[in-house]
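Labels below follow one simple rule: chain letters A, B, ... track the order of the sequence lines, proteins then strands, and each chain is numbered from 1. In what follows, every heavy atom counts, from backbone to side chain, and hydrogens, waters and symmetry copies are set aside.
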Protein chains: 2
Amino acid sequence: MSTLSNAPYHHGTLRQSLLEAALIILAREGEAGLGLRDLARAVGVSPAAPYRHFDSRAALLEALAVTGFQRFAARMEEVAAGDPEDKMAAMGKTYVLFALENANLFRLMFSPQLKRENRPGLRMAADAAFDTMRHFIDGDMEKGRIQALAAWAKVHGLAVLLLDGQITIRPREDTEALIAQIIAGL
Amino acid sequence: MSTLSNAPYHHGTLRQSLLEAALIILAREGEAGLGLRDLARAVGVSPAAPYRHFDSRAALLEALAVTGFQRFAARMEEVAAGDPEDKMAAMGKTYVLFALENANLFRLMFSPQLKRENRPGLRMAADAAFDTMRHFIDGDMEKGRIQALAAWAKVHGLAVLLLDGQITIRPREDTEALIAQIIAGL
DNA sequence: CGCATGGTGTGAACGATGTCAACATTGTCC
DNA sequence: GGACAATGTTGACATCGTTCACACCATGCG
């Protein structure tokens, strides 16, 4: 918008604007399509400007993944706080739907590239998100850690397989229905 | 090895050598660390030489992923042909162990970057690998497609979570034992 | 045998990218 | 008002994937 010549020298809210624009580009183009130069141009700023707010491209990606985990945790807590019939199934469904609705962001959250960098912020955000899940799971169902891990694995695997198109939905077969059926056994 | 000056102008088995070296680099450095120039140098050839055998870097990665799926399918068929106590559990365990032993290759097989390119060879290799699984599953256990998908999701999710270090093993708690316990319910 | 042909490797170059250093501009605080 | 730090710009560098013109060499055809 501020492509006009009357654009001020200082952007004012660059960091926030960068994150917002990056989330949009990420959702549309995927992580590989998110270049620092394109991002800078999208916000109307010079190619090197982002470096005042992010040490590197990886740091920018980390910030995105962190907000992803925060949004994820918020959704999960929302469900955990509510009172659905089968809370366990509701959480699983939310887990999978979040992955499908925020496909590229979800992939970024679990990106091996980022993991390899061992960024503490990402690890903390992920742990925080999963801790709320773990807390609820440990409290509600006392079948022990193994069952909890098994449920997590099932839900996460379903999310990933759907995301990658490995599991294809037959026409007229609702995605939510399939999820519900698979999640059924806790 | 052929860094000596007596290296012939033509390599002779470049394509095969490239794939072998690429698999080694991939296992050690991950997909991001697999550069065409490094790869060419590792094989003792000029940076542009690989392009005589692979249209692009993506094509090279596709070839790697395809061999990954082939190895995976071979391992699975081996188990399916054998006669273990609980064949279903044995296959699940093999699935997860393959992922852990070939971490970076496994990640490449399910890489969203490659999926985005819609390479037919990759899709065919993946379908072939999963078809053998599906065939066995459909035959052995008649609980229907939903149960089969649920089992697949659970095993795949466990593999991915272990791979990403989201599930951490307590000391002295054997990885295989944990896998066996989680797989237990089909 | 000689020689054209096509497959294979080389070398130099292009465009794009992440990143950095030097400089310009601005807001803030004594 | 003037120093100072924060923020944005400009230009450059190294590296990467990729391409193109050329060098080499095996093969088969006359």
Side-chain angles (χ1 to χ4, degrees), chain A residues 1-22 25-26 28-65 108 111-114 116-117 119, chain B residues 1-22 25-26 28-65 108 111-114 116-117 119:
Chain A
M1 309 309 164
S2 53
T3 321
L4 301 174
S5 55
N6 61 357
Y9 191 90
H10 283 67
H11 183 282
T13 58
L14 224 200
R15 185 186 162 95
Q16 186 60 24
S17 301
L18 284 173
L19 287 176
E20 290 170 7
I25 298 180
L26 174 67
R28 202 176 40 212
E29 318 250 8
E31 184 245 284
L34 184 73
L36 278 190
R37 289 175 142 93
D38 304 352
L39 177 59
R41 194 176 321 115
V43 184
V45 94
S46 93
Y51 281 89
R52 296 293 158 182
H53 301 274
F54 301 98
D55 285 347
S56 64
R57 191 183 107 104
L60 188 262
L61 293 179
E62 179 198 10
L64 293 178
L108 182 64
S111 161
Q113 321 257 3
L114 277 188
R116 183 172 284 256
E117 310 228 359
R119 307 201 155 258
Chain B
M1 311 310 162
S2 53
T3 321
L4 300 174
S5 56
N6 61 356
Y9 191 91
H10 284 65
H11 183 283
T13 58
L14 222 199
R15 184 184 164 96
Q16 186 60 23
S17 301
L18 283 173
L19 287 176
E20 290 170 8
I25 297 180
L26 174 66
R28 204 177 37 212
E29 318 248 8
E31 183 245 283
L34 183 69
L36 278 190
R37 291 175 140 97
D38 305 352
L39 177 59
R41 195 177 319 118
V43 184
V45 92
S46 93
Y51 282 88
R52 295 293 162 190
H53 301 274
F54 301 98
D55 285 346
S56 63
R57 191 184 107 105
L60 188 262
L61 293 180
E62 179 197 10
L64 293 178
L108 182 63
S111 161
Q113 321 256 4
L114 278 188
R116 184 172 283 256
E117 309 229 359
R119 306 200 156 259

Exercise for the section: Please state whether the phosphate of D/dG8, meaning OP1 or OP2, lies under 4.0 angstrom from any side-chain nitrogen or oxygen of A/His53. Expected result: yes
Exercise for the section: Provide, to the nearest angstrom, the distance between the CG atom belonging to B/Leu61 and the C1' atom belonging to D/dC16. Expected result: 14 Å
Practice task
Among the candidates D/dC20, C/dG9, C/dT19, find the nucleotide nearest to the side-chain atoms of A/Ser56.
Solution key: C/dT19
Fill in the blank from the handout: Considering only heavy side-chain atoms of B/Ser46, the closest of D/dT9, D/dC16, C/dT10 is C/dT10
Exercise for the section: Could you state the atom-to-atom distance from CZ of B/Arg57 to C1' of D/dT18 in whole Å? Expected result: 13 Å
Handout entry: Nucleotide C/dA16, atom P - distance to CZ of A/Arg41 in whole Å
Key = 10 Å
Handout entry: Basic-acidic side-chain contact under 4.0 Å: A/Glu29, B/Arg116
Key = no
Problem - No-hydrogen, no-angle side-chain donor-acceptor test under 3.5 Å, B/Gln113 and B/Glu117 - result: no
Problem - Separation of D/dT9 P from A/Leu36 CG (nearest whole Å) - result: 14 Å
Practice task
Looking only at non-hydrogen atoms, find the nearest pair between B/Leu39 and B/Ala22 and report the distance.
Solution key: CD1-N, 3.6 Å
Exercise for the section: For B/Leu18 and D/dG17, give me the distance from atom CG to atom C1', rounded to whole Å. Expected result: 15 Å
Practice task
Give the rounded distance in Å between these two atoms: OH of A/Tyr51 and P of D/dG8.
Solution key: 15 Å
Practice task
Would you state whether a donor and an acceptor, one from the side chain of A/Arg52 and one from the base of D/dG8, lie under 3.5 Å apart?
Solution key: yes
Practice task
Quickly work out the A/Leu34 CG to C/dT17 P distance and round it to whole Å.
Solution key: 12 Å
Handout entry: Chi angles and distances behind the side chain to side chain contact (heavy atoms under 4.5 Å, CB included) call for A/Leu61, A/Leu34
Key = CA-CA 9 Å; A/Leu61 293 179; A/Leu34 184 73; 3.7 Å; yes
Exercise for the section: Take the protein atom CG of A/Asp55 and the nucleotide atom P of C/dG18, then report the distance between them rounded to whole Å. Expected result: 15 Å
Handout entry: Proximal nucleotide (of D/dC16, D/dT9, C/dG9) relative to the B/Leu14 side chain
Key = C/dG9
